[in-house]
Amino acid sequence: MEKEIKTIGVLTSGGDAPGMNAAIRAVVRKAIQNGVSVKGIKKGYQGLLNEEIIDLEAKNVSDTIQRGGTILGTARCLEFKTEEGQQKGAEICRKHGIDGMVVIGGDGSYRGAQALSRNGINTIGIPGTIDLDIACTDYTIGFDTAVNTAMQAIDKVRDTSSSHERCSIIEVMGRNAGYIALWCGIANGAEDILLPEKYDFNEQQIINNIINNRKKGKKHHIIINAEGIGHSTSMARRIEAATGVETRATILGYMQRGGSPTCKDRVYASLMGAYAADILCAGKTNRVVGYKNGELVDFDIEEALQMTKEIPEYDYQVSKFLSR
Ligand code: ADP
Ligand code: F6P
């Protein structure tokens with residue numbers, strides 16, 4: 001028989017992402033509408049182990065949808081990777097009357113969600129990461145805001161790059177994934193886009209491109225470099241030495257994780273939060289929410305973690321073609 005759900009918890013874990021607050025708000029309000037009480041766990045699994053648990057009413061999440069970051073705070077917690085930590089987390093849930101949990105985070109956080117579920121706490125994951133690197137979903141909370149933030153910053157760098165007739169290498173986040181780099185590369189009309197997934201990094205080719213573009217009269221040369229390739233500063237030094245063109249590196253960094261979420265991030269995060277609350281209140285466990293082919297779906301966590309995702313070949317080819 002399915003466990004009756006009277007109280008659920010919600011936590012954010014791993015790197016923060018704009019839109020997480022919209023998801024928290026939706027979880028709280030949808031669960032309450034379903035007749036279920038909600039508790040907020042502060043600072044991810046670390047806060048769970050420290051029993052940093054608060055009651056959340058509908059009014060506690062008002063005036064949050066437009067805010068960046070996460071109102072609950074987030075953390076990385078090594079102790080929760082241990083069997084003892086996971087059992088302790090589940091015990092603390094039982095002590096506070098928490099029958100189910102919504103975990104908003106990335107792949108690592110899903111492993112923690114799986115552990116809670118294994119230890120008797122019904123758990124549902126929601127994809128929250130700017131990196132878009134979760135295979136079971138076409139959308140992750142925060143990606144849209146992050147690429148818009150990065151795109152606007154790159155436009156600004158391009159202005160000064162053109163004025164000084166410089167080459168600019170702009171490094172964007174994404175851990176080992178190149179989705180932010182690919183999207184910014186296309187959106188900013190970059191001359192070169194370097195993605196870790198494609199293993200096609202060829203510095204001599206970039207040098208040749210810069211020299212050829214100069215001959216054609218181009219005043220700027222924008223290279224979008226993914227964090228997964230990195231080394232932008234040393235790359236800039238080598239390119240300047242080889243081309244004679246002044247070259248600067250800009251590492252955009254954490255600004256990409258902050259800021260007020262875009263409309264898309266607010267709406268999709270709200271839909272995912274509501275969906276997660278609904279399936280959790282209905283007694284489902286060990287599932288993650290995704291957005292695939294235009295609809296909300298859910299998968300078994302293990303199945304989701306086994307899925308693989310690749311940079312779409314057509315998008316990659318278009319990015320190459322348009323940069324010439
Ligand atoms: P993300 O969720 O963004 O991928 P991390 O990989 O840092 O970020 O994971 C966030 C947190 O999830 C970790 O600090 C840890 O508390 C928990 N976690 C990660 N891997 C596991 C695991 N194998 N088992 C249990 N918990 C895990
Ligand atoms: O996963 C989001 C992300 O910003 C990645 O793009 C980046 O590699 C990582 O988090 C940085 O993590 P931290 O906050 O631990 O420095």
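Counting begins at 1 with the first residue of the sequence.
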Pairwise side-chain contact, [X] with [Y], heavy-atom cut-off 4.5 Å (strictly under):
{"X": "Leu49", "Y": "Cys77", "answer": "yes"}
{"X": "Leu271", "Y": "Leu296", "answer": "yes"}
{"X": "Asn208", "Y": "Gln204", "answer": "yes"}
{"X": "Asn21", "Y": "Thr70", "answer": "yes"}
{"X": "Tyr316", "Y": "Glu313", "answer": "yes"}

Cluster link [X] to [Y], ILVMFWY, side chain under 4.5 Å:
{"X": "Tyr275", "Y": "Ile32", "value": "yes"}
{"X": "Ile229", "Y": "Ile210", "value": "yes"}
{"X": "Val10", "Y": "Ile54", "value": "yes"}
{"X": "Ile41", "Y": "Val38", "value": "no"}
{"X": "Phe143", "Y": "Ile65", "value": "no"}

*Report the C-alpha separation of Glu240 and Arg248 in whole Å, then their side-chain angles, then the decisive distance to 0.1 Å, and conclude whether the side chain to side chain contact (heavy atoms under 4.5 Å, CB included) test is met.*
CA-CA 9 Å; Glu240 180 166 311; Arg248 297 280 194 271; 4.3 Å; yes
**Item:** Full working for side chain to side chain contact (heavy atoms under 4.5 Å, CB included) between Asn60 and Val28
**Value:** CA-CA 9 Å; Asn60 299 126; Val28 171; over 6 Å; no
For Phe80, ring-ring contact (aromatic ring centres under 6.0 Å, His included) partners two or more places apart:
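With sequence neighbours excluded, Phe80 shows a ring-ring contact (aromatic ring centres under 6.0 Å, His included) to Tyr45, given in chain and number order.
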Checklist line | Results of ring-ring contact (aromatic ring centres under 6.0 Å, His included) for Tyr139 - residues two or more places apart only | finding: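 Checked Tyr139 against ring-ring contact (aromatic ring centres under 6.0 Å, His included); matches are Tyr268.
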Side chain to side chain contact (heavy atoms under 4.5 Å, CB included) for Leu72 and Ile104? Distances and angles first, verdict last.
CA-CA 11 Å; Leu72 289 173; Ile104 307 167; over 6 Å; no
Are any side-chain N or O atoms of [X] and backbone N or O atoms of [Y], one a donor and one an acceptor, separated by less than 3.5 Å?
{"X": "Thr160", "Y": "Lys156", "answer": "no"}
{"X": "Thr137", "Y": "Thr140", "answer": "no"}
{"X": "Ser117", "Y": "Ala113", "answer": "no"}
{"X": "Asp138", "Y": "Asn293", "answer": "yes"}

With no hydrogens and no angle check, just 3.5 Å: does a side-chain donor-acceptor pair link [X] and [Y]?
{"X": "His221", "Y": "Asp192", "result": "yes"}
{"X": "Gln33", "Y": "Lys30", "result": "yes"}
{"X": "Arg266", "Y": "Ser260", "result": "yes"}
{"X": "Asn148", "Y": "Gln152", "result": "no"}

Between [atom1] on residue [X] and [atom2] on residue [Y], distance to nearest 0.5 Å:
{"X": "Asp16", "Y": "Arg257", "atom1": "CG", "atom2": "CZ", "answer": "4.5 Å"}
{"X": "Thr74", "Y": "Gln46", "atom1": "OG1", "atom2": "CD", "answer": "11.0 Å"}
{"X": "Asp265", "Y": "Thr262", "atom1": "CG", "atom2": "OG1", "answer": "4.0 Å"}
{"X": "Asn225", "Y": "Cys184", "atom1": "CG", "atom2": "SG", "answer": "12.5 Å"}
{"X": "Leu194", "Y": "Ile224", "atom1": "CG", "atom2": "CD1", "answer": "9.0 Å"}
{"X": "Leu56", "Y": "Ile8", "atom1": "CG", "atom2": "CD1", "answer": "9.5 Å"}

Quiz prompt | Partner of Glu52 under salt bridge (charged side-chain N to carboxylate O under 4.0 Å, His left out), chosen from Lys43, Lys39, Lys42 | solution =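 It is Lys43; the other options fail the test.
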Pairing residues for [X] by the side-chain contact (heavy atoms from CB on, under 4.5 Å) criterion, not counting sequence neighbours:
{"X": "Ala276", "result": "Val102, Ile124, Ile126, Val289"}
{"X": "Leu322", "result": "Val318"}
{"X": "Asp63", "result": "Gln66, Arg67"}
{"X": "Glu302", "result": "Arg111, Gln114, Asp300, Gln306"}

Closest approach of [X] to [Y] (non-hydrogen atoms, all atoms of both residues):
{"X": "Asn34", "Y": "Ala277", "answer": "ND2-O, 4.2 Å"}
{"X": "Ser109", "Y": "Ser13", "answer": "OG-OG, 2.8 Å"}
{"X": "Thr12", "Y": "Gly73", "answer": "OG1-O, 2.8 Å"}
{"X": "Arg29", "Y": "Ala58", "answer": "NH2-O, 2.8 Å"}
{"X": "Ser323", "Y": "Ala190", "answer": "CB-O, 3.1 Å"}
{"X": "Arg214", "Y": "Lys219", "answer": "NH2-O, 3.1 Å"}

- Query: Residues in side chain to side chain donor-acceptor pair (under 3.5 Å) with Asn212, at least two apart?
  - Reply: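 For Asn212, no residue satisfies side chain to side chain donor-acceptor pair (under 3.5 Å) once neighbours in sequence are set aside.
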Test of understanding: with side chain to side chain donor-acceptor pair (under 3.5 Å), list the residues that count as partners of Glu51, not counting sequence neighbours.
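So Glu51 forms a side chain to side chain donor-acceptor pair (under 3.5 Å) with Lys95, His96.
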Check your understanding: Pick from Ile193, Ile239, Asn209: which one makes a side chain to side chain contact (heavy atoms under 4.5 Å, CB included) with Ile223?
Key ->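 That would be Ile239; it is the only one of Ile193, Ile239, Asn209 passing the side chain to side chain contact (heavy atoms under 4.5 Å, CB included) with Ile223.
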Pair Ile251-Glu227, side chain to side chain contact (heavy atoms under 4.5 Å, CB included): steps then yes or no: CA-CA 9 Å; Ile251 298 169; Glu227 176 188 7; over 6 Å; no
Taking everything shown except Glu310 itself, do over 12 heavy atoms lie less than 6.0 Å from its CD?
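Counting neighbours around CD of Glu310, 12 or fewer heavy atoms of other residues, nucleotides or ligands fall under 6.0 Å, so no.
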Q. Quick check: are there more than 12 heavy atoms from other residues, nucleotides or ligands sitting under 6.0 Å from NZ of Lys292?
A.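 More than 12 within 6.0 Å, yes.
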Exercise. Quick one: do Lys6 and Asp99 make a salt bridge, cutoff under 4.0 Å?
Worked result: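 A salt bridge is absent here (no side-chain N lies under 4.0 Å from a carboxylate O).
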Checklist entry - Is it true that Lys88 and Glu91 make a salt bridge, defined as a side-chain N closer than 4.0 Å to a carboxylate O? => result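 Salt bridge absent between Lys88 and Glu91.
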Pairs involving residues 11-34, ordered by first then second residue, that meet ring-ring contact (aromatic ring centres under 6.0 Å, His included) (sequence neighbours left out) =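 Qualifying pairs, neighbours excluded: none.
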Next on the checklist: Strictly by ring-ring contact (aromatic ring centres under 6.0 Å, His included), give each pair with a member in residues 145-175 just once, sequence neighbours left out.
Outcome noted: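 Every pair satisfying ring-ring contact (aromatic ring centres under 6.0 Å, His included) with a residue in residues 145-175: there are none.
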Without placing hydrogens or testing angles, list every side-chain donor-acceptor pair under 3.5 Å for residues 127-136, not counting sequence neighbours.
from   : atom 1 : to     : atom 2 : distance (Å)
Thr129 : OG1    : Asp131 : N      : 3.0

Show me the donor-acceptor pairs within less than 3.5 Å that the side chains of residues 167-183 make with the rest of the protein, sequence neighbours left out.
from   : atom 1 : to     : atom 2 : distance (Å)
Ser168 : OG     : Ser161 : OG     : 3.1
Glu171 : OE1    : Ser232 : OG     : 2.5

